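The model shown is predicted, which means the values in this text are computed figures rather than measured ones.
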Amino acid sequence: LRSALEVAGAALPPRDAYERSALESLALERGLISRAVTSTSPEAAASAAEGADGSIGSNGSFAAAAAADVAIAACVVQPIEQTHMWLGHASVMLMLHEHRLRPLLGALRRFALGGSADFGTALVDSLQEDLRKGRSLTSRRHGVLRRALDTALRLSEVDDESGEELAPYAATLALVCAPDEGAGLGGGANAHDGANAGTAAGAGRLAASAATSGASPEELRHRIGAFDALRLELPIPAPLDAVISAKAMDQYANLFRLILRVRRAAAALSAIWTTLQHEHKPHDHQGRGDLEEAHAWHLLRLHVHELRHFVNSMQAHFIAYVCGHCYTELESAIVSATSVRELHAAHDAYLHAATSRCLLHAAGLPTASLITAVLALVLSLHREVCTEGALPVGAAWAGLVDASRRQFAMLVSALARQPLTPHELVAHQVHVGLT
């Protein structure tokens with residue numbers, strides 16, 4: 001073990017901690033004894049220091065009085081400190097190399113924090129398709145959650161070294177409906193979902209309310225909180241649970257919930273755009289009604305562009321920053337860690353930075369609620385445009401587009417007044433009008 005640590009450049013406990021030379025060197029360094037004392041034998045120094053009346057002589061008083069202090073410092077304190085440092089380095093090496101802490105953190109980043117866009121998108125698409133077919137997400141008969149997770153893992157596989165590292169964790173990954181997050185799956189039915197959904201507790205209440213409301217899968221399909229009770233679980237084996245605690249996994253669950261919402265909004269906007277491009281093109285007529293419909297059509301496409309810019313900015317501000325900048329800082333802290341306690345502190349700091357960035361704290365609730373309302377607006381627009389037979393025609397086009405644009409403009413205006421609103425979410429939305 002000493003040879004291995006020497007190769008790694010780790011600090012080693014001194015071999016001569018108990019030797020007399022170490023005691024003398026320490027006493028000299030502290031000025032407790034003179035070099036004259038160290039040049040004589042211990043017996044001569046002791047007799048010279050002790051007077052006829054048994055008192056301590058001036059020449060050896062420091063040596064005699066400080067002997068216990070020096071001995072304790074050199075023989076007990078310093079070896080303990082050195083051993084503590086040595087064991088700290090050894091435990092960090094054990095966590096990183098023997099128990100593979102880095103690949104585990106990489107798996108959490110990829111699956112729970114949105115590091116793999118393919119995984120998140122495939123998971124949302126599979127769950128949405130099951131809702132469209134009228135299947136309950138908690139149905140054991142259809143195995144909806146397991147099948148959705150397997151599909152997402154298969155579609156996001158990578159054929160390189162990182163894929164081999166992630167394979168053991170992908171095999172133990174589970175998507176569950178967490179009992180403590182609510183008895184069912186769902187959320188508010190419209191844009192007002194955001195009022196209660198900015199925190200984990202709010203999400204749990206929304207999930208529970210959806211279960212008691214008896215909402216059908218088709219209704220849940222267009223609710224922003226439909227997946228709030230879902231939790232991605234990855235077993236954390238000992239001793240890695242000393243670094244990644246149960247509380248940390250709860251924070252991962254909160255971040256995963258936000259990422260599912262953002263991915264759902266992005267997928268809904270892609271579906272709206274596809275519908276507008278391929279299925280419902282305006283007719284080339286010259287009548288007044290047709291011109292009004294074409295104008296509303298044009299405004300709707302502009303509106304979809306505005307919403308896509310907003311959602312893409314969210315993904316860059318939240319997901320990309322957490323998986324990029326925050327994770328890079330975590331890796332740097334891991335490299336410089338000298339004990340398991342420092343590894344734990346580095347991981348806690350990483351999650352604190354991630355949750356703060358994503359506004360998952362009490363101070364960020366007003367801003368998070370408004371952002372959630374924008375995401376709910378996207379799903380509401382998706383229901384109007386993409387539901388079969390629900391697409392309005394004629395004057396109803398103008399009413400749909402105008403109502404959605406007005407609501408978006410009001411939400412962006414409210415966000416601009418919030419001190420914690422990310423600048424990039426509103427910087428390019430100032431042109432959104434109310435006319």
Does any N or O in the side chain of [X] come within less than 3.5 Å of the main-chain N or O of [Y], such that one atom is a donor and the other an acceptor?
{"X": "S380", "Y": "A376", "result": "no"}
{"X": "S126", "Y": "A122", "result": "no"}
{"X": "R264", "Y": "L375", "result": "no"}
{"X": "S356", "Y": "H352", "result": "yes"}
{"X": "H344", "Y": "A242", "result": "yes"}
{"X": "S404", "Y": "L400", "result": "no"}
{"X": "R110", "Y": "S116", "result": "no"}
{"X": "R221", "Y": "R132", "result": "no"}
{"X": "T121", "Y": "D118", "result": "no"}
{"X": "R357", "Y": "H317", "result": "yes"}

Next item on the list: Determine, stepwise, if the pair L370 / V412 fulfils side-chain contact (heavy atoms from CB on, under 4.5 Å).
Entry: CA-CA 8 Å; L370 292 170; V412 170; over 6 Å; no

For the residue pair [X] and [Y], what are the closest heavy atoms and their distance?
{"X": "A112", "Y": "I259", "result": "O-CD1, 3.5 Å"}
{"X": "L359", "Y": "P422", "result": "CD1-CD, 4.5 Å"}
{"X": "G225", "Y": "R261", "result": "CA-NH2, 4.0 Å"}
{"X": "C358", "Y": "L258", "result": "CB-CD2, 3.5 Å"}
{"X": "A152", "Y": "S156", "result": "O-OG, 2.7 Å"}
{"X": "A363", "Y": "L420", "result": "O-CD1, 3.4 Å"}

With rounding to the nearest 0.5 Å, note down the distance linking [atom1] in [X] to [atom2] in [Y].
{"X": "C386", "Y": "L381", "atom1": "SG", "atom2": "CG", "value": "8.0 Å"}
{"X": "Y169", "Y": "I236", "atom1": "OH", "atom2": "CD1", "value": "9.0 Å"}
{"X": "L123", "Y": "Q128", "atom1": "CG", "atom2": "CD", "value": "10.5 Å"}
{"X": "H99", "Y": "M93", "atom1": "NE2", "atom2": "CE", "value": "12.5 Å"}
{"X": "T355", "Y": "Y350", "atom1": "OG1", "atom2": "OH", "value": "11.0 Å"}
{"X": "S245", "Y": "D250", "atom1": "OG", "atom2": "CG", "value": "8.5 Å"}

So do the side chains of [X] and [Y] get within less than 4.5 Å of each other, counting heavy atoms only?
{"X": "L113", "Y": "F318", "answer": "no"}
{"X": "F310", "Y": "L415", "answer": "yes"}
{"X": "F227", "Y": "L131", "answer": "yes"}
{"X": "L105", "Y": "I244", "answer": "yes"}
{"X": "R100", "Y": "L240", "answer": "no"}
{"X": "Q315", "Y": "N312", "answer": "yes"}
{"X": "E157", "Y": "L166", "answer": "no"}
{"X": "T338", "Y": "V92", "answer": "no"}

Next item on the list: Under the side-chain contact (heavy atoms from CB on, under 4.5 Å) rule, what do R263 and I319 come out as? Steps first, then yes or no, please.
Entry: CA-CA 10 Å; R263 297 295 191 207; I319 302 175; 4.0 Å; yes

Margin query: Is it the case that over 12 heavy atoms from other parts of the model lie below 6.0 angstrom from the NE2 atom of H84?
Written below: no

Note to self: I'd like to know whether L232 forms a side-chain contact (heavy atoms from CB on, under 4.5 Å) with F111, so could you lay out the CA-CA distance, the side-chain angles of the two residues, the decisive distance to 0.1 Å, and finally the verdict.
What the structure shows: CA-CA 8 Å; L232 202 62; F111 300 127; 3.7 Å; yes

Note to self: Is there a side-chain contact (heavy atoms from CB on, under 4.5 Å) between V340 and L94? Walk through the geometry before answering.
What the structure shows: CA-CA 10 Å; V340 174; L94 188 70; over 6 Å; no

Check: Salt bridge check: are D150 and R146 linked by an N-O gap of less than 4.0 Å?
Finding: yes

Notebook entry, point to check: Is any side-chain N of the basic residue among R102 and E165 closer than 4.0 Å to the acidic one's carboxylate O?
Noted result: no

Note to self: Assess, by modelled atom type and distance only, whether the side chains of S413 and R417 contain a donor and an acceptor separated by less than 3.5 Å.
What the structure shows: yes

Notebook entry, point to check: Step by step, would you call H347 with Y252 a ring-ring contact (aromatic ring centres under 6.0 Å, His included)?
Noted result: CA-CA 12 Å; H347 185 253; Y252 276 110; 5.8 Å; yes

